[in-house]
Amino acid sequence: MLEVSRIRAQKEEIKAALTKRGWTNDRLELLDRAIEADDKRKALQTENDGYLSQRNKLSKEIGNLFKQGKQEEANAAKAQVEEMKTKIAATESQLASCTTDLETVLLDIPNIPHSSVPAGVTEDDNEVAKDWPQDLPILGDEALPHWDLATKYNILDMKLGVKLTGAGFPVFRGKGSRLQRALINFFLDEASKAGYEEIVPPLLVNADSARATGQLPDKEGQMYYVEKDDLYLIPTAEVPVTNIYRGNIVKEQDFPIKLTGYTQCFRREAGSYGADVKGLNRVHQFDKVEIVQFQHPDKSYETLDQMVKHVEGLLQKLELPYRILRLCGGDLSFASALTYDLEVYSAAQKRWLEVSSVSNFETFQSNRLKLRFTDSDGKKRLAHTLNGSALALARIIAALLENNQTKDGIVIPEALRSYTGFDIID
RNA sequence: GGAAGAGUGGCAGAGCUGGUUUAAUGCACUGGUCUUGAAAACCAGCGUGCGGCAACGUACCGGGGGUUCGAAUCCCUCCUCUUCCGCCA
């Protein structure tokens, strides 16, 4: 959520930046509506405070009058307060509806894209920030997609998941399970080495947490919801891990705050069927190691680069061909100011698979989180928040299986062997 | 799940027979005096949001609602914690 003060101060720049998201005048007028609603809110607040002030003053007087035994005067004052209360009730209800209006408008305004974000509408307009320098691997015609490899080596069973739960809930078996566990440990160890504090958070969160990171209200349908307890299954570790600092005021010297968490992630992912979603490409439950940082506004883009480097390092160690995209305005998520997608090439599917998304949210998320720091002048300012997947397991496994298939079996990359305890799946 | 007790500012802890409480006091923290430096002592400052150029006003004592001219204080409800019982990985 953008701050109204920022919309006021930089309205024209913001309008210009939002056109990169494909926004036209009819939507840009939301900015004016936000300012209008805020003006109204301020006026009502001033009015209401005045009434409250009078009420408080009168109430004190009544107390004194009673002590002095001046019953009649006290009763007269009571009548005045009665009048005041009617006014207060009226302005308060206006104030409440006005605040709701403002909030509604603000929730519809996405983050302002960073100056380096290319304009564009679809993923075709994304910019390749770093391409794979070598030739892409070419497998023989006998090469299989991961869903067939999974069956061949009995390491992953989608049909069994259907029996146990439903479509999109994979069941890993044997070496498939161990590969899964190995990757989790590998990713967590790498994050620890890079200075991230490891967190094991709850997998269910309350509505306050879901709201603070922006899942509510806009992405409510994406989350599994436990009605009886009013809790949500997390779609990513970002939600509980980021919320650790909800409402906190940290010291400037605490930056950067670096957290990592492995969790299973749950997504309802309504819609979207077909070849693209086959196998592990899109599932309802998957495993992911997330990295999160809270940073001083002046340093957040440096940090974003470091986080991308970290994820790159993982892909290099796994010996997977990858490229980095800078997302265009149209493909940029609602809350992000700048996002890099890391994609791994699947030689069998002959396409790039998104395995990580690393974003700087600037103050967009911290505004809802109310995550602030005290700067050197003693002023309270919103921190910048960043996060990225490091990494999502399902698609990495898909890519590993496909790219590393040989006639003897699937070869485990060197870096993982001490974790898996085997070097081939056959 | 059942019973009892409790939730106050970074921490500790008063207030809780409704009205100078503008939330006492201590610790911690920040600045200053003193000191070669430090400690101690002393002086001052020290929550957050909103409105206001400011003075200041206003809201917040777990969340929400109510009673009252007036609520940290009384009532209802929800949440959390502690202790005991039950159940259980």
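Side-chain atoms are counted along with the backbone in the values below, which use heavy atoms only and exclude waters and symmetry mates.
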Can you tabulate the close N/O pairs, meaning under 3.5 Å, that link protein atoms to atoms of nucleotides 46-50 of chain B?
{"residue": "U48(B)", "atom": "OP1", "partner": "Lys380(A)", "partner atom": "NZ", "Å": "2.8"}
{"residue": "U48(B)", "atom": "O3'", "partner": "Arg372(A)", "partner atom": "NH1", "Å": "3.1"}
{"residue": "G49(B)", "atom": "OP1", "partner": "Arg372(A)", "partner atom": "NH1", "Å": "2.5"}
{"residue": "C50(B)", "atom": "O3'", "partner": "Arg41(A)", "partner atom": "NH2", "Å": "2.4"}
{"residue": "C50(B)", "atom": "O2'", "partner": "Gln45(A)", "partner atom": "OE1", "Å": "2.6"}

Anything under 3.5 Å between a protein N or O and an N or O of nucleotides 86-89 of chain B, put it in a table, one pair a line.
none

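Residues Asn111(A) and Ser336(A) bring no donor and acceptor atom of their side chains to less than 3.5 Å of each other. If you check the side chains of Tyr262(A) and Glu290(A), you find no donor sitting under 3.5 Å from an acceptor. Counted by atom type alone, Thr260(A) and Glu198(A) present zero donor-acceptor pairs between their side chains at under 3.5 Å. No side-chain donor-acceptor contact under 3.5 Å links Gln285(A) and Tyr224(A). Defined by atom type and a distance below 3.5 Å, a donor-acceptor pair is missing between the side-chain atoms of Arg41(A) and Thr99(A). Checking Gln365(A) against Thr385(A) by side-chain atom types alone, a donor-acceptor pair falls below 3.5 Å. Donor-acceptor pairing under 3.5 Å is recorded for the side chains of Thr236(A) and Lys288(A). Side-chain contact annotation: Glu29(A) with Asn25(A), donor-acceptor N/O pair under 3.5 Å absent. Remark: the Glu402(A) side chain and the His146(A) side chain contain an N/O donor-acceptor pair separated by less than 3.5 Å. Using modelled atom types and a 3.5 Å distance limit, the side chains of Tyr153(A) and Asp426(A) yield no donor-acceptor pair.
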Per-nucleotide pairing state of RNA chain B [Watson-Crick or G-U, under 3.5 Å; [ ] pseudoknot-crossing; | other strand]: ((((((((.[[[..)...(.....]]].(((((.......))))).(((((....))))).[[[[[..)....]]]]])))))))....
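With sequence neighbours left out, Tyr232(A) forms a ring pair (Phe, Tyr, Trp, His ring centres under 6.0 Å) with Tyr225(A).
Distances shown here put a side-chain N or O of Ser53(A) below 4.0 Å from the OP1 or OP2 atom of U58(B).
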Test log, rule side-chain contact (heavy atoms from CB on, under 4.5 Å), inputs Ile109(A) and Leu31(A): CA-CA 8 Å; Ile109(A) 303 173; Leu31(A) 297 173; 3.8 Å; yes
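Between A28(B) and U77(B), the distance separating the two P atoms is 43 Å to the nearest Å. Distance check on atom P: G70(B) versus G19(B) gives 14 Å, rounded to whole Å. Comparing A40(B) with U30(B), their P atoms sit 12 Å apart, to the nearest whole Å. Between G5(B) and C16(B), the two C1' atoms lie 15 Å apart (nearest whole Å). Comparing G65(B) with A72(B), their P atoms sit 14 Å apart, to the nearest whole Å. For the C1' atom pair drawn from C11(B) and G18(B), the interatomic distance equals 29 Å after rounding to whole Å. Separation of the C1' atoms belonging to U22(B) and G32(B) is 26 Å when rounded to the nearest angstrom. On the C1' atoms, G7(B) is 14 Å away from C78(B), given to the nearest whole Å.
A donor-acceptor pair is defined here as one N or O able to donate and one able to accept, closer than 3.5 Å; no such pair exists between the side chain of Glu127(A) and the backbone of Cys328(A).
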Quick tally for nucleotides 60-65 of chain B: nucleotides whose base has a protein heavy atom under 4.0 Å get B, sugar-phosphate-only ones S, the rest -, giving ------
Under a 4.0 Å heavy-atom criterion, the protein footprint on nucleotides 67-79 of chain B, written with B, S and -, is --BS---------
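Aromatic ring centres of His296(A) and Phe373(A): separated by under 6.0 Å.
Of the two residues near RNA chain B, Asp38(A) and Gly50(A), the one whose nearest nucleotide lies more 5' is Asp38(A).
Regarding Lys57(A), its NZ atom lies at a distance of 9 Å from the P atom of G57(B), rounded to whole Å. Distance Met84(A) CE to U58(B) C1': 15 Å, rounded to the nearest Å. Rounded to whole Å, the distance from CD1 on Ile88(A) to C1' on G51(B) is 16 Å.
Salt bridge annotation for Lys40(A)-Asp101(A): absent, with no cationic side-chain nitrogen under 4.0 angstrom from a carboxylate oxygen.
The distance from the CG atom of Leu204(A) to the CE atom of Met223(A) is 11.0 Å, given to the nearest 0.5 Å.
The residue from Asp331(A), Leu338(A), Thr339(A) that alone fulfils the side-chain contact (heavy atoms from CB on, under 4.5 Å) condition with Arg326(A) is Leu338(A).
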